[in-house]
Amino acid sequence: MKKIPSNGLSEAELFSEMEAMKKDDLKWQTGRNFAYVYYPGEEILNVVKKAYQMHFSGNALNPSAFPSLRNMENEVVSMSANLLNGDEEVVGSLTTGGTESILMAVKTAREWGKKNRNLTGLPEVIIPATAHPAFHKAAHYFNVKVVLVEVENDFRVDPQNIKNAITENTVLLVGSAPSYPQGVIDPIEEIGKIALEQNLLFHVDACIGGFILPFLQQLNYNIPAFDFSVKGVTSISADIHKYGYAAKGASVILYKNSTLRKFQFYTYTKWTGGIYASPTMTGTRPGGAIAAAYAALKFIGNDGYLKLAKSCMETTLKIQNEIRQIPELNILSSPDATLFAITSDDFDIYELGDEMGILGWQIDRQQMPASLHFSINPAHEAVADELLQDLHNAVAKAKKISANKVGKNIQLQAIKTMQKVLPKSLFEKLTQLAAKHSEVGGKRSAAMYGMIGEIQGKGDLDEMIKEFLDKMMKE
Ligand SMILES: *Cc1c(COP(=O)(O)O)cnc(C)c1O
């Protein structure tokens, strides 16, 4: 076990150790990642950092203790509502991230449903298969039932399928703008019509799109209406810590009116410590994240966001156009903004992910179908040419590897058969394998993803992943 050092380290010792620890972290300053960090450049980053530090110790738990935080929070919510075409009635809360915003939307819908619908069973939330796992997490935490609707070949949900899934227990419909994996916007207008017609709540998950789609619209890119301008939309989540370029720990959840938002609040009035009221999941809330969100919106401004959005979109189109010239690669569907996924009919796309990894690019693997994910941020403008050059070279290598991989298919067949005979011991083995392949520095993971694909949907995969998480958190 690790111990707190009996004598504290010197500042120099501490930071040299911490610097060394960072060596395998994402190289986001040089645009080598396609998720997790959205880098607007040093100038903005430094201003946002300064604001975070200014309110480093502030706590927004009690709004009257730090009026500055309350005012900044209210202004951030109001600016976000305005950006997303909300009217004077639209209200919301600042949360720590997209997941918390979505948890709140689902909890609100549950409470609204209890009051406004004649529920005969668990409240039901209808979500497209491409919607973020945070909705499943919310359902899991809050005892709500997920009704999953498959998406079409273009990865957008067919509104008719949503309509068909509605029951007397439905409380909430969901659409993404855009969905994270393939970057497409669900038909928000049509789902809105259904929500209105059936008197249901409708949440638009604009976690990733909320702070870029409005600017792409201003730049006259072809972005369908997705926000409060659409009739029937009752709540929207939008992450300021993604394309808003705030510090991590900032998202907004917006509601059509304050009657709706009240279903989100929690109060406990009998505590010996006094009357307790809390708008969101968290108790103590970091002042720094609120101040940083405020600083980002105010410092970048509409003009700054337009520039950043233009850079992201132009880079996205450039990369996509070049990828379309590579016959072995396909872009999934017709992405609406700055997120997309690529796949291949000719070779194992995970091998391409591994090859790009060796060249220093960190690209996330996706499944159903196997694909690689790209979220483009402003750091990519400077490295797009290098990325494309490396992509060409990596495709050539990945093709060779795939040709030599007949053996791997036989291996996978064997695993499939073994699994039927010896499920328990097999999964133990797979756990060990998964752990081994995920070691920091272990660059080849295609085989592991292949195996996960093979045992997908067989229940035990969940156990295996939990064991893996458990191991990771012990290190
Ligand atoms: C990122 C994201 C979320 C979850 O947000 P976190 O900040 O990671 O909790 C939800 N939905 C979409 C579409 C996202 O891109």
Side-chain angles (χ1 to χ4, degrees), residues 26 28 33-39 76 80 84 92-109 125 127-142 146 148 151 155-157 172-188 191 202-214 216 223-224 226-227 233 235-254 280-282 285-286 289-290 292-293 296 312 316 332-333 335-341 363-364 366 371 373-377:
L26 275 188
W28 50 268
N33 61 305
F34 296 91
Y36 310 111
V37 180
Y38 301 76
Y39 179 46
V76 165
S80 307
L84 295 168
S93 303
L94 202 58
T95 68
T96 56
T99 300
E100 190 186 356
S101 290
I102 289 169
L103 292 176
M104 290 295 85
V106 171
K107 190 261 186 190
T108 296
V125 176
I127 72 169
T130 48
H132 194 274
F135 291 98
H136 296 267
K137 197 177 190 178
H140 178 71
Y141 285 178
F142 300 145
V146 168
L148 203 65
V151 293
F155 295 92
R156 293 175 182 91
V157 72
L172 180 68
L173 311 181
V174 169
S176 307
S179 67
Y180 182 81
Q182 295 84 22
V184 298
I185 301 177
D186 282 318
I188 302 301
I191 304 172
F202 175 26
H203 181 81
V204 173
D205 178 6
C207 278
I208 190 99
F211 286 90
I212 191 162
L213 296 182
L216 294 176
I223 305 289
F226 70 96
D227 55 18
V233 171
S235 60
I236 301 179
S237 49
D239 294 350
I240 319 176
H241 65 200
K242 289 177 182 160
Y243 285 112
Y245 309 104
K248 302 288 178 293
S251 168
V252 285
I253 171 69
L254 300 169
T280 56
M281 295 284 289
T282 47
R285 293 193 305 141
I290 296 170
C312 292
T316 302
L332 287 177
S333 186
D336 284 299
T338 51
L339 282 71
F340 63 95
I363 311 177
D364 278 354
Q366 304 188 132
S371 56
H373 176 91
F374 293 84
S375 292
I376 300 303
N377 80 61

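Atoms within a ligand are numbered from 1 in the order they appear, just like the ligands themselves. Nothing fancy with the numbering, it's 1 onward along the sequence.
- D205 and S176 form no side-chain donor-acceptor contact under 3.5 Å, judged by distance and modelled atom types alone.
- A donor-acceptor contact closer than 3.5 angstrom is absent between the side chains of Q182 and S333.
- For the residue pair D364/Y36, the side-chain donor-acceptor check at 3.5 Å is satisfied.
- Protein residues having at least one heavy atom under 4.0 Å from any atom of ligand 1 are G97, G98, T99, I102, H132, P178, Y180, D205, C207, I208, D239, H241, K242, listed by chain and number.
- Within the model, atoms OH of Y180 and CG of L339 stand 6.5 Å from one another, a figure rounded to the nearest 0.5 Å.
- Inspection of the H373 and S375 side chains reveals an N or O donor paired with an N or O acceptor under 3.5 Å.
- Using a 4.0 Å cut-off between charged nitrogen and carboxylate oxygen, D239 and K248 do not count as a salt-bridge pair.
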